[in-house]
Amino acid sequence: MDDGSRIRLWPASVGLLAVVVPCACLGSLDYLGDTSAGAGASSTSGPGGSGGGGGSPCDDVVEDADNCGQCGHSCLGGPCIDSRCQPVVVAADQDGPFGIGVDDTHVYWANEGAREIRRAPKTGGDDEVLATSTAGGTEFVPLFLVVVGGQVVWSNNEAGQLDGRALMTCPTAGGPAAGFAASAPDGNSGLAADGDRFWFANFGQNDLRVADFGQDATPFISGEHGPAQVAVDETHVYWTNELEDSGGVRRAPREGGPAETLDPDVPSANGIALDADAVYVTSGTRVRRIPKQRGRGVDLDSSLFGPAGIVAIGGRVYWVNSGDGDGSTGTVKTVDAGGLEEPVELAAGQSVPVLIAADDKQIFWTNRGSEPGTGSVMRVAR
């Protein structure tokens, strides 16, 4: 590993303990995913940019939640303090929340501990169970998650042990879970989708696989070294290797071909996100931008404690820092994609945040929590 400051949060069935020890392997899968944790309007100019407002007179941009930081920038139900929208809780008392994704109306997440998939309205409302693992029936241990084409699809971490499938799915409105992408050893982890095609990593087998929706999986890349996160664009599949000595950030043509290492200065990485020009990763104590056209990257932030999930959208990069695992030291930060500004902290006091997703108005993340049943799902304005 890079150093002793990373926090690993993988479930034990991957061969790694789901407790806080030095390391982490997390990130966003969306390449397009008490109040301590808010939603807001779209802004391509940063957290205080303009967006859809709530209609109140713009007399106070310091504490007015309809004009927070700038006229027309609404916190969508969250408070405004010192010109910045504050985080709010989407769902509390969750058991091991991990993978997260969004569609037009809802945020979806995987509770690895409770073995269930849940959703809640993006701007407030009760959460509900969409699918639950059933002993002796359809069993799964959900980890990473994407939302595409009216379906929630997640990786089944203990597929081999449960005699199941590597990938599971259910309709976004809820319904029976079904599996595909057999045969499936344990350790299925990072997941990315484009239409009806899904690429996923298997940490234990050191490989990546690809499957069309409802079909069996076929090999994509083998001989990696702890593949963790996956992302895809029009031409390539990208992934991070959490273990050192085989390239921390790698890619291969999506229709097949040899893999290549993108940045020799990143021996291991975990979270990954893409925009049109660059790959963004969390690695050790830093967030790094790597040009897709090859060449060494640049650090957007450093000296971090457990940087994990990451997403790039609207010319900005957002990520979570898991902290030291005591339940109150996690943070959420953002910076412009070019690294021309100083990073901004959007939320503090988070309980082991792990993965993050975004839409055009807000960001969402899962807080793993320090004990079973203490996790949460959060949101805050962009």
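Predicted model, so just to flag it, every value in this text is computed and none were measured.
Side-chain contact between P253 and H236: present, with at least one pair of heavy atoms (C-beta onward) separated by less than 4.5 Å. Residues W109 and S376 fail the side-chain proximity criterion, which asks for heavy atoms closer than 4.5 Å. Counting heavy atoms from C-beta on, the side chains of H106 and P121 come closer than 4.5 Å. Residues L208 and N202 fail the side-chain proximity criterion, which asks for heavy atoms closer than 4.5 Å. Counting heavy atoms from C-beta on, the side chains of L130 and V152 come closer than 4.5 Å. V279 places a side-chain heavy atom less than 4.5 Å from the side chain of L262. At least one side-chain heavy atom of P227 sits under 4.5 Å from a side-chain heavy atom of N206. For the pair S351 and R368, the minimum side-chain heavy-atom distance is 4.5 Å or more.
Atom-to-atom distance recorded for F98:CZ and N367:CG is 13.0 Å, nearest 0.5 angstrom. Here L162 contributes atom CG and E139 contributes atom CD; the two are 5.0 Å apart, rounded to the nearest 0.5 Å. With values rounded to the nearest 0.5 angstrom, E260 atom CD is found 8.5 Å from R250 atom CZ. Summarising the geometry, atom CD1 belonging to I117 is positioned 9.0 Å from atom CE belonging to M168; distances are rounded to the nearest 0.5 Å. In this structure, CG on D194 lies 7.5 Å from CD on E234, to the nearest 0.5 angstrom. With rounding to the nearest 0.5 Å, the separation of CG in D103 from OG1 in T172 is 6.0 Å.
Not a single donor-acceptor pair under 3.5 Å links the side chain of D127 to the backbone N or O of A91. A donor-acceptor pair is defined here as one N or O able to donate and one able to accept, closer than 3.5 Å; no such pair exists between the side chain of S74 and the backbone of D66. Under a 3.5 Å cut-off, the side chain of T240 and the backbone N or O of N270 do form a donor-acceptor pair. N111 places no side-chain N or O within 3.5 Å of a backbone atom of A114 that could act as its donor or acceptor partner. With hydrogens and angles disregarded, a donor-acceptor distance shorter than 3.5 Å links the side chain of N156 to the backbone of R165. Side-chain N or O atoms of K122 include none that pairs as donor or acceptor with a backbone N or O of F364 at under 3.5 Å. Of the possible polar contacts, none joining the H73 side chain to the N67 backbone as a donor-acceptor pair under 3.5 Å is found. Of the possible polar contacts, none joining the T331 side chain to the A348 backbone as a donor-acceptor pair under 3.5 Å is found. Side chain of R289 to main chain of D299: no donor-acceptor pair is present (N/O by atom type, distance under 3.5 Å, no hydrogens or angles). Without hydrogens or angle criteria, T285 side chain to S302 main chain gives no donor-acceptor distance under 3.5 Å.
Using modelled atom types, one finds a donor on one side chain and an acceptor on the other under 3.5 Å when comparing Q151 with T169. A side-chain N or O of D324 and one of T329 form a donor-acceptor pair less than 3.5 Å apart. No side-chain N or O of S283 forms a donor-acceptor pair with one of R288 less than 3.5 Å apart. Of the N and O atoms on the side chains of N157 and N188, not one donor lies less than 3.5 Å from an acceptor on the other residue. The closest side-chain donor-acceptor pair between E224 and W239 falls under 3.5 angstrom.
A salt bridge (charged side-chain N to carboxylate O under 4.0 Å, His left out) with K292 holds for exactly one of D275, D233, D263; it is D233.
For F220 and F200, the ring centers are positioned 6.0 Å apart or more. Aromatic rings from W365 and Y318 are positioned such that their centres are separated by 6.0 Å or more.
Considering every non-hydrogen atom in both S189 and S155, the closest pair reads O-OG, 2.8 Å. G338 approaches L300 most closely through the heavy-atom pair C-CD2, 4.3 Å. Of all non-hydrogen atoms in V89 and A92, the two that sit nearest each other are CG1-N, 3.7 Å. Across all their heavy atoms, A269 and G248 have their closest contact at CB-O, 3.7 Å. The minimum heavy-atom distance linking G330 with P353 is given by the pair CA-CD, 3.7 Å. Minimum heavy-atom separation, V102 to A357: CG1-CB, 4.5 Å.
Each salt bridge (charged side-chain N to carboxylate O under 4.0 Å, His left out) pair with one or both residues in residues 205-218, not counting sequence neighbours, appears once here: R197-D212, D207-R209.
Residues E63 and R84 are not paired through a salt bridge, judged by the lack of any N-O separation under 4.0 Å between the basic side chain and the carboxylate. The pair D301-R286 does not meet the salt-bridge criterion, since no charged nitrogen lies less than 4.0 angstrom from a carboxylate oxygen. Salt bridge status for E342 with K333: absent, with no side-chain N to carboxylate O gap under 4.0 Å.
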>> Evaluate R254 against V232 for side-chain contact (heavy atoms from CB on, under 4.5 Å), listing each step before the verdict.
In response: CA-CA 8 Å; R254 53 185 285 162; V232 60; 3.8 Å; yes
>> Pair E128, R119 - check side-chain contact (heavy atoms from CB on, under 4.5 Å), show working.
In response: CA-CA 6 Å; E128 60 181 328; R119 76 170 186 174; 2.7 Å; yes
>> Quick one, F140 with W154, criterion ring pair (Phe, Tyr, Trp, His ring centres under 6.0 Å). Give me CA distance, side-chain angles, the key distance, then yes/no.
In response: CA-CA 10 Å; F140 56 82; W154 62 93; 5.1 Å; yes
>> Could you walk me through whether I290 and V249 satisfy the side-chain contact (heavy atoms from CB on, under 4.5 Å) test, starting with their C-alpha distance in whole Å, then the side-chain angles of each, then the deciding distance to 0.1 Å, before giving a yes or no?
In response: CA-CA 9 Å; I290 304 168; V249 187; 3.9 Å; yes
> When you look at Y280 and V317, which way does the side-chain contact (heavy atoms from CB on, under 4.5 Å) test go after all the steps?
Replying inline: CA-CA 8 Å; Y280 304 87; V317 182; 3.6 Å; yes
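Remark: SG of C68 is not found under 2.5 Å from SG of C85. The SG atoms of C80 and C75 are placed at least 2.5 angstrom from each other.
In the hydrophobic cluster analysis, where Ile, Leu, Val, Met, Phe, Trp and Tyr join through side-chain heavy atoms closer than 4.5 angstrom, L346 is grouped apart from V61.
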